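Heads up, the thing below is written out as structure tokens.
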Amino acid sequence: QVQLVESGGGSVQAGGSLRLSCAASGSRFSINAMGWYRRTPGKQRELVAGIFSGGTIKYADSVKGRFTISRDNAKNTVYLQMNSLKFEDTAVYYCNVASVPVLGGAPSYWGQGTQVTVSS
């Protein structure tokens with residue numbers, strides 16, 4: 001099993017910044033994809049950002065230009081730098097990792113979630 005430990009969530013005012021971290025540990029497997037989803041009550045889970053082996057990066061349109069995803073392969077850690085936060089970014093953010101270049105599927109692993117709250 002793979003365990004994902006998230007940190008960095010919190011409460012900020014609109015326009016502020018947060019940096020989320022997700023560290024993977026446990027069984028050895030080749031991590032290809034690492035990313036972040038978010039969910040707000042009453043809304044479907046949304047892929048915020050993903051980063052894949054080889055350097056491919058994807059962002060949700062709503063966060064382009066404001067969020068930056070990065071990874072440290074030596075530490076098996078993925079980060080999400082969130083700048084210019086908006087009220088609409090308020091959600092529980094979940095880290096996700098997979099051994100294939102597809103996030104969110106059944107073989108992937110999920111973090112426990114970290115709350116991000118942005119006040120207007």
Side-chain angles (χ1 to χ4, degrees):
Q1 295 291 327
V2 173
Q3 295 81 46
L4 305 179
V5 179
E6 301 180 29
S7 62
S11 181
V12 298
Q13 294 183 340
S17 298
L18 287 172
R19 183 176 176 86
L20 305 183
S21 298
C22 175
S25 63
S27 63
R28 293 175 178 262
F29 78 104
S30 298
I31 297 176
N32 183 293
M34 308 185 78
W36 296 91
Y37 286 79
R38 66 186 180 187
R39 182 171 179 81
T40 300
K43 299 174 64 177
Q44 290 191 333
R45 183 184 64 197
E46 175 189 27
L47 176 63
V48 178
I51 184 167
F52 304 83
S53 294
T56 300
I57 294 175
K58 297 180 179 179
Y59 292 104
D61 288 341
S62 60
V63 307
K64 288 181 179 178
R66 300 187 298 117
F67 291 9
T68 302
I69 189 170
S70 61
R71 63 193 287 178
D72 185 336
N73 291 330
K75 297 181 179 180
N76 288 328
T77 300
V78 61
Y79 306 93
L80 186 67
Q81 179 67 47
M82 304 184 294
N83 297 326
S84 301
L85 282 162
K86 303 175 180 179
F87 174 77
E88 305 92 89
D89 297 318
T90 297
V92 178
Y93 285 70
Y94 297 90
C95 178
N96 184 255
V97 302
S99 61
V100 295
V102 179
L103 287 168
S108 67
Y109 294 88
W110 293 93
Q112 80 280 7
T114 185
Q115 177 71 47
V116 171
T117 302
V118 184
S119 59
S120 60

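Everything quoted here is computed from the prediction, not taken from an experiment.
Between Y109 and L4 the shortest heavy-atom distance is O-CD1, 3.3 Å. Residue Q3 comes nearest to G26 through the heavy atom pair OE1-CA, 3.6 Å, listed as atom of the first residue, atom of the second, then distance. Nearest heavy atoms, L47 versus A60: O-CB, 3.4 Å. Scanning both residues, Y94 and G111, for their nearest heavy atoms gives CD2-O, 3.7 Å. Closest of all the heavy-atom pairs between T90 and T40 is O-OG1, 3.0 Å. Residues S108 and A98 share a closest heavy-atom pair of CB-CB, 4.0 Å.
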Quiz item: Given W110 and C95, is the side chain to side chain contact (heavy atoms under 4.5 Å, CB included) satisfied, shown in steps?
Solution: CA-CA 6 Å; W110 293 93; C95 178; over 6 Å; no
Quiz prompt | R38 vs D89, side chain to side chain contact (heavy atoms under 4.5 Å, CB included): CA-CA, chis, key distance, verdict | solution = CA-CA 9 Å; R38 66 186 180 187; D89 297 318; 3.0 Å; yes
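The hydrophobic cluster containing V48 also contains V118, counting ILVMFWY residues as joined when their side-chain heavy atoms lie under 4.5 angstrom apart, directly or transitively.
Side-chain N or O atoms of Y59 include none that pairs as donor or acceptor with a backbone N or O of R66 at under 3.5 Å. Using modelled atom types, one side-chain atom of E6 and one backbone atom of G113 make a donor-acceptor pair closer than 3.5 Å. Side chain of N96 to main chain of L103: no donor-acceptor pair is present (N/O by atom type, distance under 3.5 Å, no hydrogens or angles).
Salt bridge status for K64 with D61: present, with a side-chain N to carboxylate O gap under 4.0 Å.
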